Each structure stands twice: as structure tokens, then as C-alpha cells.
Amino acid sequence: MVVAIGCDHAGVELKRQISWLLKGEGIEVMDVGTNSAESVDYPDYGAVAAEAVSNGQADAAVLICGTGIGMSIVANKFKNVRAALCRDVYTAKMSREHNDANVLVIGSRVTPGELTEDILKAWLHTKYEGGRHDERLKKISMIEGTIELKT
Ligand code: RB5
């Protein structure tokens, strides 16, 4: 499994921690930066990771910015990307079971480091439930234009 990971200047330290955790899970990490505390624009990094998920280069991505909001907005512009901003373990699980989220977004300034580890593990190890959720995801694909709209 390949997981892309990206952040802005607010998430560099947390990106390092998450990369280490991902590698510990036997996951191949595609690090798209940034790697310094110098102020950068989150769309530049979020777009690279989200594009990798959208075109199948990566199976999933983890994005980090201060609140997680900017990265979520950017990632959800990409086709076939379902990005979920998670601040607790329950939301992380639900984002997989119900929404088949393929991008996890974390706000480094609002989520404590220890909780981030639990959120990440819950997200990685929870499977999509399918069933009634398939029709809902299909409707999202219709809205984004990746499958044809029913008339
Ligand atoms: C950067 O200061 C901050 O705006 C960014 O990390 C993020 O929170 C945006 O949504």
C-alpha cells in the first residue's frame, strides 16, 4: 500500500511522526513535503498528494495543516478523492466504514499528538462497509462527474 503524505509549515513535525508510524505499519510513504518551518501555501502540497490519490499513484493520503480545513477543501476538489477531517477516533472509523474516505486530514494545531496516533490507526485499520453506502458514494461520483448522472 502506498500512502502520500503532505503538509504545510504548521504540520512538519506531525508529518514526521505520522510517516514514521506509517512505515512501522509496513506502508510505503510518498512524502510530497513541505519539510521546513518556512511559511508555505497549503494548496501547493495538498494538491500533489490528492492528485496522486485521484490518479491511482497512491492508494490513500494523509494531509496536515493547522486546522485541517484548508487541506480538506483542496483535497475534495479532486475526482475520486473523499477527504475526511478527523479530530477523534469515532469520526476516523466512520469516515472509513460509511464514507470510504481515502484521504485523512489532521489539524496539527487542534489535535494532540497522542490522539493523532489513535486516529491514524483507527483510520488505517477500519474497512469500508459497502452495502447501503454504495448508493450514497455513487451519488457523490455523479455530482463530481466521474459517473454519468441518472436522468
Ligand atoms: C497556516 O497558518 C494555516 O492557515 C493553515 O495551516 C491551515 O490551518 C489552513 O486551513
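Throughout, residue positions are numbered sequentially from 1 according to the sequence presented. Note that the structure is predicted; figures quoted are calculated from it, not measured. In each ligand, atom 1 is the first atom listed, and ligand 1 is the first ligand listed.
Checking only distances, Y42 never comes within under 3.5 Å of ligand 1, N or O to N or O. Ligand 1 has no N or O atom lying under 3.5 Å from any N or O atom of I69, backbone or side chain.
Closest to atom 1 (C) of ligand 1 among all protein heavy atoms lies H9 NE2, 3.6 Å. Among protein heavy atoms, atom 2 (O) of ligand 1 sits closest to R109 NH1, 3.3 Å. Atom 8 (O) of ligand 1 has T67 N, 2.9 Å as its closest protein atom, hydrogens excluded (heavy atom only). Nearest protein heavy-atom contact of atom 10 (O) of ligand 1 is G70 N, 2.9 Å.
Using a 4.0 Å cut-off between heavy atoms, C65 contacts ligand 1 through both its backbone and its side chain.
Annotation for ligand 1: atoms under 4.0 Å from non-hydrogen atoms of G66 are 5 (C), 6 (O), 7 (C), 8 (O). Each of the atoms 1 (C), 5 (C), 6 (O) of ligand 1 lies under 4.0 Å from some heavy atom of D8. Against a heavy-atom cut-off of under 4.0 Å, A10 is close to the following atoms of ligand 1: 6 (O).
Here the side chain of N55 pairs a donor or acceptor atom with the backbone of Q57 at under 3.5 angstrom. When atom types are taken as modelled, the side chain of K79 and the backbone of S54 share no donor-acceptor pair closer than 3.5 angstrom. At least one donor-acceptor pair under 3.5 Å links the side chain of T126 to the backbone N or O of A122. Panel note: side chain D88, backbone T91; a donor-acceptor pair is recorded below 3.5 Å. Under the 3.5 Å distance criterion, the side-chain polar atoms of T111 are left unmatched by any main-chain donor or acceptor of R87. The closest donor-acceptor contact from the side chain of T116 to the backbone of P112 lies under 3.5 Å.
Taking every heavy atom of both residues into account, W123 and A92 meet most closely at CD1-O, 3.7 Å.
The shell of residues lying under 4.0 angstrom from ligand 1, judged by heavy atoms, excludes M71.
In this structure, atom 4 (O) of ligand 1 has its sub-4.0 angstrom surroundings free of protein heavy atoms.
Considering CD1 of I143 and NZ of K138, their distance stands at 13.5 Å, rounded to 0.5 Å.
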